Visitor: 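Structure incoming, see below.
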Number of protein chains: 2
Amino acid sequence: MSKSFSFHISANDGRARTGIVSTPKGDIRTPAFMPVGTAATVKAMMPENVRETGADILLGNTYHLMLRPGAERIHNLGGLHKFMNWDRPILTDSGGFQVMSLTDLRKLTEEGVKFRSHIDGSEYNLTPERSMEIQRLLGSDIVMCFDECPALPADRARINESMQLSMRWAQRSRDAFGDRPGYALFGIQQGGLEQDFREESAEALQKIGFDGYAIGGLAVGEGQDAMFGVLDYAPNQLPQDKPRYLMGVGKPDDIVGAVQRGVDMFDCVLPSRSGRTGQALTRFGAVNLRNARHKDDPRPLDENCTCPACSNYSRAYLHHVHKAGEIIGSMLLTWHNLHYYQELMQGLRDAIAAGELDAFVAQFHATRAQGDIDPI
Amino acid sequence: MSKSFSFHISANDGRARTGIVSTPKGDIRTPAFMPVGTAATVKAMMPENVRETGADILLGNTYHLMLRPGAERIHNLGGLHKFMNWDRPILTDSGGFQVMSLTDLRKLTEEGVKFRSHIDGSEYNLTPERSMEIQRLLGSDIVMCFDECPALPADRARINESMQLSMRWAQRSRDAFGDRPGYALFGIQQGGLEQDFREESAEALQKIGFDGYAIGGLAVGEGQDAMFGVLDYAPNQLPQDKPRYLMGVGKPDDIVGAVQRGVDMFDCVLPSRSGRTGQALTRFGAVNLRNARHKDDPRPLDENCTCPACSNYSRAYLHHVHKAGEIIGSMLLTWHNLHYYQELMQGLRDAIAAGELDAFVAQFHATRAQGDIDPI
């Protein structure tokens with residue numbers, strides 16, 4: 001394995017690209033989907049099974065991990081990889097977004113964010129410097145800059161103010177991160193839906209210099225049209241030769257549209273969260289296994305899928321275990337959803353490599369338009 | 001595989017014996033522990049992983065399955081084995097015990113038990129004949145007679161009355177079961193803690209004739225001393241050449257003592273239920289992973305155990321995921337507990353085969369007396 005962090009693009013198709021992000025802990029095939037392992041576990045999955053679905057990298061949440069079990073504790077136990085039994089790359093967010101979205105008692109200043117834990121009410125101070133320290137203690141391979149973003153819609157003044165603060169925090173993050181061979185620091189572009197602010201943010205980040213660039217501040221309520229509107233220009237504002245990561249996205253069709261627009265990396269809780277509530281994500285679209293139409297259905301969720309839920313169980317069984325609140329319902333549907341996401345990413349990578357992305361995307365939408373298989 | 005049901009004892013050590021119960025769906029090594037798959041799932045486990053722990057047979061609960069998803073539905077879907085993806089033997093209880101212990105609105109008559117579902121309040125009628133029909137529809141390999149038993153302590157008149165009713169129901173169960181090659185019907189001895197009633201019950205059952213004999217009405221609050229008191233004579237009241245099954249037992253030391261007294265089969269929710277609440281069952285005894293003493297402990301739960309929880313994770317991780325309410329906590333500790341139980345059963349079988357059961361049991365108790373490993 002390589003001892004340094006690098007990105008190699010092997011093929012382009014329109015604005016889309018496929019390649020490899022290399023890290024000392026393993027390669028990440030792009031476009032890549034990163035399952036979310038919030039509290040040192042991808043919920044309802046054993047990590048070896050997450051790997052079996054095709055995941056090359058997991059995402060961990062700084063906010064959750066700093067509160068429980070704590071960054072210093074994880075460091076003393078040998079780091080997050082060892083703690084959660086995942087020896088491949090891990091990307092951690094900075095904690096900034098989740099502090100702003102998950103806590104009520106918080107105070108935002110130039111210095112950072114003071115907040116109280118949602119678990120026990122104790123007080124924390126999160127700054128760019130402390131975020132870099134926490135992500136180092138966790139042993140994260142791809143570290144995210146500490147940033148801040150407003151919920152949309154927001155007025156231009158608020159978006160600009162927030163973007164400017166995030167750019168100052170990006171410089172402080174870069175300074176605090178220092179020189180750590182084999183580990184990467186990603187900057188995060190902000191600017192809401194405003195093209196000029198996005199441009200200014202991209203320029204500020206490139207002036208600082210990062211190993212990769214995230215597109216932040218999207219998937220916060222603006223809708224797919226508005227998001228794609230930004231993605232029509234935002235990736236091109238960022239360096240061509242560095243990975244581009246669209247944070248917190250998304251639904252399968254969001255990902256497909258973003259890959260067409262030049263995005264390389266994604267993360268989202270949707271496949272795992274949906275799996276726990278009985279919603280399967282399939283090539284036909286979303287299928288609610290709690291619906292009574294499945295209760296006598298001997299057919300698999302998707303006869304073409306090779307995941308354990310589709311290989312070994314009927315829709316009737318999946319319906320039963322979700323209605324009965326059985327843990328295996330969460331286990332099976334999470335596995336299916338992550339399997340489907342990784343299969344979709346592999347399809348996108350193969351299509352880009354073959355120069356056939358348009359045909360792949362047309363087939364993707366045509367299959368979804370068919371809808372789910374008919375009730376028996 | 002054999003096409004018929006049989007029991008072969010390969011070695012005896014004192015009153016204990018080891019052997020094989022053969023069924024068309026596979027062999028069951030005795031003494032055997034059957035994990036409980038109440039609602040068509042061993043909670044928090046994939047069935048292939050239950051098999052990996054060494055389980056030869058699962059137990060399913062007629063009461064739960066008849067209410068949801070329903071016996072006819074499971075039959076139409078191909079039977080319980082296919083439904084829950086377990087192709088090895090399944091034993092089902094008769095529903096009688098759980099109707100009496102889990103429902104409030106019930107009416108017991110000579111005919112059977114009328115009750116209302118705890119799920120939706122709908123009315124059901126469970127009789128020996130209907131219990132046999134349900135267990136046939138499920139495709140159960142080992143069918144249990146429909147019976148009834150009082151909670152202990154109870155007076156002799158109540159125990160006798162209940163035992164006599166269960167014996168009449170045993171005859172009706174036998175008549176309704178009919179002749180089903182490859183499938184077995186077990187009778188259930190009752191009689192509480194009363195040796196004369198136990199003797200009378202055993203004689204009544206043998207007169208009817210069964211493929212195996214359960215010892216029922218224990219583990220209902222009487223305590224280990226009282227239970228062992230009954231087990232000092234009850235197994236010998238039953239045929240030597242048929243499997244003896246102690247229903248609903250138990251803790252590891254209960255099982256060890258019962259094996260010494262000649263019991264061949266066990267089931268209990270303890271290892272799976274404990275796993276979901278953070279209690280590990282180990283050679284040192286019970287260990288509560290929620291206890292704060294584990295939060296910085298890098299050591300495995302049991303360094304000698306080869307289960308995934310002990311092989312890949314620290315006590316600190318197990319503590320963290322149980323405190324955080326993460327599903328993987330239930331998955332890992334259930335796996336460990338079932339692994340430990342099956343390892344204990346293998347140890348008992350090997351010891352009996354070697355004629356070294358006393359030494360094995362002495363070591364078992366000596367290890368537990370040491371207590372858990374010291375806090376770091």
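For clarity, every value in this text was computed on a predicted model and none was experimentally measured. A, B, ... follow the sequence lines: proteins, then strands. Residue 1 opens every chain.
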Visitor: Surrounding CZ of A/R68 (heavy atoms of other residues, nucleotides or ligands, distance under 6.0 Å), is the total greater than 12?
Guide: yes
Visitor: Quick check: closest heavy atoms across A/Y317 and B/M84, and the distance to 0.1 Å?
Guide: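 Closest pair (atom of A/Y317, atom of B/M84, distance): CE1-CA, 3.8 Å.
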Visitor: How long is the span from the CE atom in A/M331 to the CG atom in B/N49, to the nearest 0.5 Å?
Guide: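 One gets 7.0 Å once the value is rounded to the nearest 0.5 Å.
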Visitor: Can you tell me how far apart CE (B/M46) and CE (A/M46) are? Round to the nearest 0.5 Å.
Guide: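 That separation rounds to 10.5 Å.
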Visitor: Against chain B, label A/L332 side chain, backbone, both or neither, depending on which of its atoms sit under 4.5 Å from a heavy atom there.
Guide: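 The answer is the side chain of A/L332.
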Visitor: Can you say whether the rings of B/F83 and A/H320 are parallel (under 30°), tilted (30 to 60°) or perpendicular (over 60°)?
Guide: tilted
Visitor: Checking heavy atoms, do the side chain of A/W86, its backbone, both or neither come under 4.5 Å from chain B?
Guide: neither
Visitor: In Å and rounded to the nearest 0.5 Å, what is the OG1 to CD1 distance from A/T334 to B/I327?
Guide: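 If we round to the nearest 0.5 Å, A/T334:OG1 and B/I327:CD1 are 7.0 Å apart.
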Visitor: Rounded to the nearest 0.5 Å, what's the gap from CG on B/D297 to CG on A/L77? Could you check?
Guide: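 Result: 8.5 Å between the selected atoms.
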Visitor: Kindly check if the number of other-residue, nucleotide or ligand heavy atoms within 6.0 Å of CZ (B/R273) is above 12?
Guide: no
Visitor: Counting only heavy atoms not in A/E123, do more than 12 fall under 6.0 Å of its CD?
Guide: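 Buried by this count: over 12 neighbours within 6.0 Å.
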Visitor: Quick check on the interface: out of A/S314, A/A324, A/G329, who has the most heavy-atom pairs with chain B under 4.5 Å?
Guide: A/A324
Visitor: Decide side chain to side chain contact (heavy atoms under 4.5 Å, CB included) for A/E326 and B/T38; before the verdict, give the C-alpha distance in whole Å, the side-chain angles of both, and the deciding distance to 0.1 Å.
Guide: CA-CA 10 Å; A/E326 290 289 347; B/T38 297; 5.6 Å; no
Visitor: CE/B/M45 to CD1/A/I328 distance, rounded to the nearest 0.5 angstrom?
Guide: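 Atom-to-atom, B/M45:CE and A/I328:CD1 are 9.5 Å apart.
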Visitor: Given a strict heavy-atom distance threshold of 4.5 Å, which part of B/N76 is in contact with chain A: side chain, backbone, both, or neither?
Guide: neither
